[in-house]
Amino acid sequence: MQNPKPSSGKAALIWRFLKGSKHFFVLSMLMAAMTAMSDMITPQIIRAAVDNAIGGNEPTFGPAVMKLVNAVGGFAYLGQNLWIMAIAVLCVAVVKVLSQYGFLAFNTRASETLTKTMRDTLYTHIEHLPFSWHMKNHTGDIIQRCTSDIDTTRNFVAGQMTQLLRVLILVTLSMTFMFSMTPMLAVISLLPMPLIVWYSFRFQHKIGAGFKECDESEGRLSAMAQENLTGVRVVRAFGRERYERDRFEKHNEEYTGLWIRLARLMARFWSTADILSGMQIMLVVVFGVVFCLKGQMTSGEYIAFISYNAQLVWPIRMLGRMISDMSKAGVAIERIGYIIDSEVEKDCEGAVAPDMTGDIAFEHVSFAYEGFPQMLHDITFTMKAGTTLGILGGTGSGKSTLMLLLDRLYDLPENSGRITIGGVDIATIQREHLRKNIGIVLQEPFLFSRTLKENLSITDEQLTLSDIREAARAACLDDTIEGFTKGYDTFVGERGVTLSGGQKQRAAIARMLTQHTPIMIFDDSLSAVDAETDAKIRTALEKRFGSASIILISHRITTLSKADQVIVLDRGRIAEMGTPAELEKAGGLYQRISEIQSLSAEEVDN
């Protein structure tokens with residue numbers, strides 16, 4: 001899957017996802033700022049207690065602080081009643097605890113709202129992406145982008161971005177207090193900082209590249225697991241368990257190796273950052289003791305300086321984690337942006353919603369799938385409204401492609417002909433209107449992990465059980481369902497694995513029949529039912545939907561025998577066209593297939 005950078009920019013994309021959660025993030029940042037302010041006040045109270053209340057030194061605080069101190073009796077009184085200063089420390093601690101609680105509450109609400117918005121936006125966008133996009137991208141990788149990458153983005157925004165204000169306050173006030181107490185020691189404490197910052201940025205690219213490899217590898221692993229779990233019956237039927245297990249383990253080992261390599265890189269980064277941070281703290285402790293012994297700073301200032309230095313080191317070290325998480329989030333946002341920037345299906349300007357009961361015409365239609373040779377070559381035919389059209393042809397002859405184009409699951413490129421219904425080019429018809437009026441049973445029927453009733457009524461939630469049973473009877477499925485213990489409440493396994501191939505096809509047919517569409521397409525959807533059931537379904541369709549335009553795609557001549565017109569495709573071209581009776585005598589491909597299938601039937605009878 002391609003990973004171009006989001007055209008809208010990473011920051012713009014995050015801002016778009018923040019809709020509905022911005023105010024919660026703002027509140028959480030304010031709570032983080034209050035926590036930072038609490039961290040700044042406590043060392044000053046301790047400094048005042050040691051130097052002024054106990055030591056009796058001349059205070060150097062500003063007018064506002066001195067006014068507050070004098071209001072409670074001055075430093076001499078506080079020295080005799082240290083419990084007052086202890087209560088002040090306790091009050092600051094309470095404020096810090098409450099602000100931390102508020103931060104966690106608002107931040108959690110904001111992050112979960114952000115996650116919901118991202119998931120809803122991605123899911124809605126993916127649903128409206130073209131069929132061709134889904135054919136090019138693995139389902140497992142799409143799921144991984146909608147889960148793991150969303151979590152990575154959420155963790156960065158909620159865990160790092162919200163701490164920015166707190167970090168700014170801590171750094172600014174810590175440096176202000178440190179320079180106000182002992183400028184020389186403050187300069188010494190800053191000496192290793194550029195090295196730590198440079199080292200953090202140096203590793204950013206390596207960490208980002210490593211995480212991108214891990215993320216893409218996880219997407220491939222998810223796609224492999226999803227594919228094998230979905231096709232478990234095929235794997236078991238062909239005894240491919242060992243092969244698929246070895247294949248999975250090989251890729252899993254590669255994925256694990258990538259994470260181990262990234263972990264080593266992270267360990268080297270953090271251990272070096274810890275050494276540099278430890279050296280910075282050691283410099284402050286050693287030189288601080290020297291300055292105290294020389295009388296250049298008081299004991300209270302030394303204690304406060306150590307506290308502020310610890311507050312300063314934490315944001316600097318956090319910068320490394322922020323850069324690391326930013327690298328991960330950058331990759332995750334790029335992968336999410338690929339989905340968001342993929343263009344959804346759109347109707348042309350002035351799209352119409354015409355009557356859909358007219359003739360269907362293909363006019364000089366040619367088509368090729370992206371990256372493949374041309375599939376259809378100059379296809380031209382007209383299907384009268386209310387008639388039945390049969391399409392016959394070998395594998396890869398373009399039968400299904402014709403129907404995918406009619407339903408606009410693929411759009412015809414310019415200068416590749418046109419398809420009309422009632423004289424209206426389908427390129428000008430609203431997609432939703434077009435698809436609501438074309439019922440299609442695809443070659444591979446798909447059933448959801450729900451009850452049979454829910455599967456058959458998926459086209460309209462207002463359908464009654466009577467409506468559902470009527471459609472099921474037309475598909476020769478009602479008697480089969482009634483034979484189940486729970487009837488229409490029988491739960492269908494994933495992709496319909498609990499049903500036979502014929503039952504799944506009939507269920508898909510019944511589901512389509514509940515729509516009562518004027519155009520019905522059966523794309524080789526009777527291949528898994530026996531000839532007798534095939535005949536019953538076709539008879540039921542004639543009686544119930546005689547006015548509908550029906551397109552039957554089949555390899556079975558008997559399925560097409562009552563069609564009003566049959567088209568025979570050969571390598572993407574129309575080889576023959578006519579009524580079944582005419583083609584039986586034409587001496588062409590239709591007649592040869594008919595003779596082969598008739599011979600096979602006689603051999604079975606013998």
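Keep in mind that the numbers below use all heavy atoms, side chains included, and drop hydrogens, waters and symmetry copies. Throughout, numbering of the chain's residues begins at 1 and tracks the sequence.
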K453 atom NZ: more than 12 heavy-atom contacts under 6.0 Å = no

Between E370 and K136, is there a salt bridge with N-O shorter than 4.0 Å?
-> yes

Does the N155 side chain pair with the main chain of D151, one donor and one acceptor, at a distance under 3.5 Å?
-> yes

Please answer whether the main-chain N or O of R335 pairs with a side-chain N or O of R145 as donor and acceptor at a distance below 3.5 Å.
-> yes

Consider only side-chain N and O atoms of Y488 and N455, and report whether a donor and an acceptor are under 3.5 Å apart.
-> no

R408 (side chain) donor-acceptor with I429 (main chain) under 3.5 angstrom | yes

Expected output: side-chain R511 to main-chain V441 donor-acceptor under 3.5 Å | no

Is the count of non-hydrogen atoms from other residues, nucleotides or ligands lying under 6.0 Å from E432 atom CD greater than 12?
-> no

CZ/R264: more than 12 non-hydrogen atoms of other groups inside 6.0 Å = no

Polar contact flag, side-chain donor to acceptor under 3.5 angstrom, T401-Y410 | no

Do the side chain of D425 and the main chain of T420 share a donor and acceptor less than 3.5 angstrom apart?
-> no

Would you check, one step at a time, whether the test side-chain contact (heavy atoms from CB on, under 4.5 Å) holds for F484 with D489?
-> CA-CA 9 Å; F484 297 152; D489 291 323; over 6 Å; no

Assess whether atom CG of N415 is packed by more than 12 heavy atoms of other residues, nucleotides or ligands within 6.0 Å.
-> no

How close do S400 and D523 get, heavy atom to heavy atom, and via which atoms?
-> OG-OD2, 2.8 Å

Could you check I519, I551, T388 and say which one makes a side-chain contact (heavy atoms from CB on, under 4.5 Å) with M383?
-> I551

Determine yes or no for a side-chain-to-main-chain donor-acceptor pair under 3.5 angstrom, with T121 supplying the side chain and T117 the backbone.
-> yes

Is the number of heavy atoms from other residues, nucleotides or ligands within 6.0 Å of CZ (F131) greater than 12?
-> yes

If you count the non-hydrogen atoms of other residues, nucleotides and ligands that lie under 6.0 Å from CD in E127, is the total more than 12?
-> yes

So, the side chain of T490 versus the backbone of G487: is there a donor-acceptor pair under 3.5 Å, distance only?
-> yes

For C146, the option from D141, I126, I336 that meets side-chain contact (heavy atoms from CB on, under 4.5 Å) = I126

Between H433 and M356, is there a donor-acceptor pair closer than 3.5 Å when you use the side chain of the first and the backbone of the second?
-> no

Ignoring hydrogens and angles, state whether a donor on the side chain of D467 or T464 is under 3.5 Å from an acceptor on the partner side chain.
-> yes

Only one of V157, I14, I150, I340 passes side-chain contact (heavy atoms from CB on, under 4.5 Å) with I333; say which it is.
-> I14

Atom NE2 of H128: over 12 foreign heavy atoms under 6.0 Å = no

Please check if the side chain of T108 supplies one atom and the backbone of A105 the other of a donor-acceptor pair under 3.5 Å.
-> no

Contact summary for T153 and A329, nearest pair of heavy atoms | OG1-O, 4.5 Å

Given salt bridge (charged side-chain N to carboxylate O under 4.0 Å, His left out), test R473 with E470 step by step and report yes or no.
-> CA-CA 5 Å; R473 276 193 288 269; E470 185 181 355; 5.9 Å; no

Between S28 and N107, is there a donor-acceptor pair closer than 3.5 Å when you use the side chain of the first and the backbone of the second?
-> no

